[in-house]
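Contents: one structure, followed by commentary.
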Amino acid sequence: SFLEGPRWRDGQLWCSDMGHDRVVRIDPATGRSETVCDVPDGASGLGWLPDGRLLVVVPRTRRLVRRERDGTLALHADLASLAPGWCNDMVVDDAGRAYVGNFGFDLFSGEAMKPTCLIGVEPDGRARVVAEGLVFPNGAAITEDRRRLVVAETWAHRLTAFDVKPDGGLSPGRVFADLVDGDPDGIAIDAEDAVWTACFGQNQFRRVHEGGRVSAIVEVPDEHAVACALGGEDRRTLFLLCAKDVDKLAKG
């Protein structure tokens with residue numbers, strides 16, 4: 001029920017099942033899924049620390065939790081003082097640094113939209129603001145050379161790129177691509193540094209190159225395009241997450 005935050009790991013597709021407050025992993029060979037852990041206050045972005053422990057964004061309470069080896073969940077970072085609205089997607093780099101987006105305002109009460117920040121969380125749980133002035137920072141991905149971070153600004157209709165500094169800080173952002181009429185949600189970066197982005201309100205996935213050229217479109221009629229991930233043995237299989245009904249998420 002409303003899958004989010006897809007990540008490929010250990011031959012399976014891992015996702016947050018936001019409608020059922022849990023993390024699942026799916027075997028693409030059989031289509032079978034299993035619950036990895038229940039997350040009582042909701043689950044969104046996923047990633048891993050270098051030692052293999054799973055990190056999960058808890059959107060409603062604006063926390064980042066860590067799944068310990070015994071299966072229990074522990075608080076990794078409390079982001080409530082930094083994130084003005086629900087937290088959403090996340091990407092974690094090879095060192096275990098997490099970059100977490102947030103709404104920036106109370107979407108479900110009708111509060112006016114306003115810019116917000118991107119939060120960086122160190123492997124030990126220390127959190128700080130690493131970028132400001134973003135409009136609904138959502139999906140995030142790191143290029144294959146690990147030198148750039150790309151963030152989807154959903155309601156600014158653009159993809160924004162940052163250079164990643166050695167300490168995990170970010171350079172000032174620059175426009176990677178103006179999507180004009182697209183509402184980018186979850187994203188994935190392929191081997192040619194093109195960004196696959198879900199365009200939520202347009203019911204399609206687009207392959208976008210730096211500068212804005214679109215080289216492929218996958219239509220998903222009558223469904224919202226939510227997020228995507230590249231996986232499979234050669235990481236050339238594109239997994240697309242779609243949803244028909246999003247109303248239940250606002251009730252959480």
Side-chain angles (χ1 to χ4, degrees), residues 1-7 14-25 35-49 53-93 96-132 134-140 151-155 168 185-186 200 226-227 241 243 245-252:
S1 174
F2 201 91
L3 296 179
E4 256 284 18
R7 295 288 183 262
W14 298 58
C15 305
S16 286
D17 180 353
M18 294 187 72
H20 291 131
D21 295 343
R22 62 177 180 163
V23 176
V24 299
R25 58 187 169 210
T35 299
V36 175
C37 59
D38 293 307
V39 187
D41 293 314
S44 186
L46 303 178
W48 285 264
L49 292 170
R53 287 179 295 172
L54 174 68
L55 297 178
V56 185
V57 172
V58 184
R60 297 192 289 267
T61 58
R62 294 171 289 168
R63 294 180 297 137
L64 185 58
V65 298
R66 183 181 65 244
R67 184 175 183 266
E68 303 288 22
R69 299 188 187 284
D70 63 2
T72 59
L73 296 181
L75 178 66
H76 190 69
D78 187 339
L79 308 179
S81 64
L82 300 176
W86 280 25
C87 292
N88 46 25
D89 214 338
M90 169 180 71
V91 66
V92 180
D93 69 12
R97 293 190 186 98
Y99 297 91
V100 186
N102 69 89
F103 291 10
F105 62 102
D106 189 344
L107 171 67
F108 301 118
S109 72
E111 183 180 0
M113 181 173 57
K114 56 186 176 183
T116 187
C117 61
L118 186 71
I119 300 170
V121 182
E122 294 295 319
D124 62 6
R126 289 176 293 133
R128 58 174 170 154
V129 171
V130 292
E132 296 184 275
L134 302 178
V135 183
F136 209 92
N138 203 343
V151 177
E153 292 187 70
T154 300
W155 286 327
D185 196 329
F200 186 84
V226 177
L241 305 190
D245 182 9
V246 299
D247 292 340
K248 66 176 63 179
L249 297 179
K251 299 174 183 178

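Along the sequence shown, residues carry numbers from 1. Atoms considered below: every heavy atom in the structure, side chains included; atoms not considered: hydrogens, waters and symmetry mates.
Looking at residues two or more places apart in sequence or on another chain, you find a side-chain contact (heavy atoms from CB on, under 4.5 Å) between A140 and V91, L149, V151. For E68, the side-chain contact (heavy atoms from CB on, under 4.5 Å) partners two or more places apart in sequence, or in a different chain, are R53, R66, D70, T72, A74. Under the ring-ring contact (aromatic ring centres under 6.0 Å, His included) criterion, F105 pairs with no residue at all, not counting sequence neighbours. Qualifying side-chain hydrogen bond (donor to acceptor under 3.5 Å, both in side chains) partners for D21, counting only residues two or more places apart in sequence or in other chains: R60. Take L134 and apply the side-chain contact (heavy atoms from CB on, under 4.5 Å) test, not counting sequence neighbours, and it matches L118, A131, P137, E153, F162. Contacts of A77 classified as side-chain contact (heavy atoms from CB on, under 4.5 Å), with partners at least two apart in sequence or in another chain: L64, L79, V121. Remark: D41 pairs with R63 by the salt bridge (charged side-chain N to carboxylate O under 4.0 Å, His left out) rule, at least two apart or across chains. Considering only residues two or more places apart in sequence or on other chains, S81 meets the side-chain hydrogen bond (donor to acceptor under 3.5 Å, both in side chains) condition with none of them. By the side-chain hydrogen bond (donor to acceptor under 3.5 Å, both in side chains) test, T154 is found to be paired with N138, residues two or more places apart in sequence or in another chain being considered. Under the ring-ring contact (aromatic ring centres under 6.0 Å, His included) criterion, F103 pairs with W86, F136, not counting sequence neighbours. Applying the side-chain hydrogen bond (donor to acceptor under 3.5 Å, both in side chains) rule to R22 yields the partners D17, T35; only residues at least two apart in sequence or on another chain are considered.
The two atoms that bring A80 and T61 nearest to each other are CB-O, 4.5 Å, heavy atoms only. Listed here is the closest heavy atom pair of G104 and T116: CA-CB, 3.4 Å.
Contact annotation: the side chain of V24 never approaches that of W14 to less than 4.5 Å [non-hydrogen atoms, C-beta and beyond]. Side-chain contact check for P59 versus N88: every heavy-atom pair is 4.5 Å or farther apart. Between V58 and V39, the closest side-chain pair of non-hydrogen atoms falls below 4.5 Å. Side-chain contact between M113 and V135: present, with at least one pair of heavy atoms (C-beta onward) separated by less than 4.5 Å.
To the nearest 0.5 Å, the span separating CD on E4 from OG on S44 amounts to 5.0 Å. Between the CZ atom of R69 and the CG atom of L54 there is a distance of 12.0 Å, given to the nearest 0.5 Å. From L55, atom CG reaches atom CG of L46 across 9.0 Å, with rounding to the nearest 0.5 Å. Here the CG atom belonging to D38 is positioned 8.5 Å from the CG atom belonging to L73, to the nearest 0.5 angstrom.
Pairs engaging residues 114-123 under the salt bridge (Lys or Arg N to Asp or Glu O under 4.0 Å) rule: R97-E122, E111-K114, E122-R128 [sequence neighbours left out].
Side-chain atoms of Y99 come within 3.5 Å of backbone atoms of G168 as a donor-acceptor pair (strictly under, hydrogens ignored).
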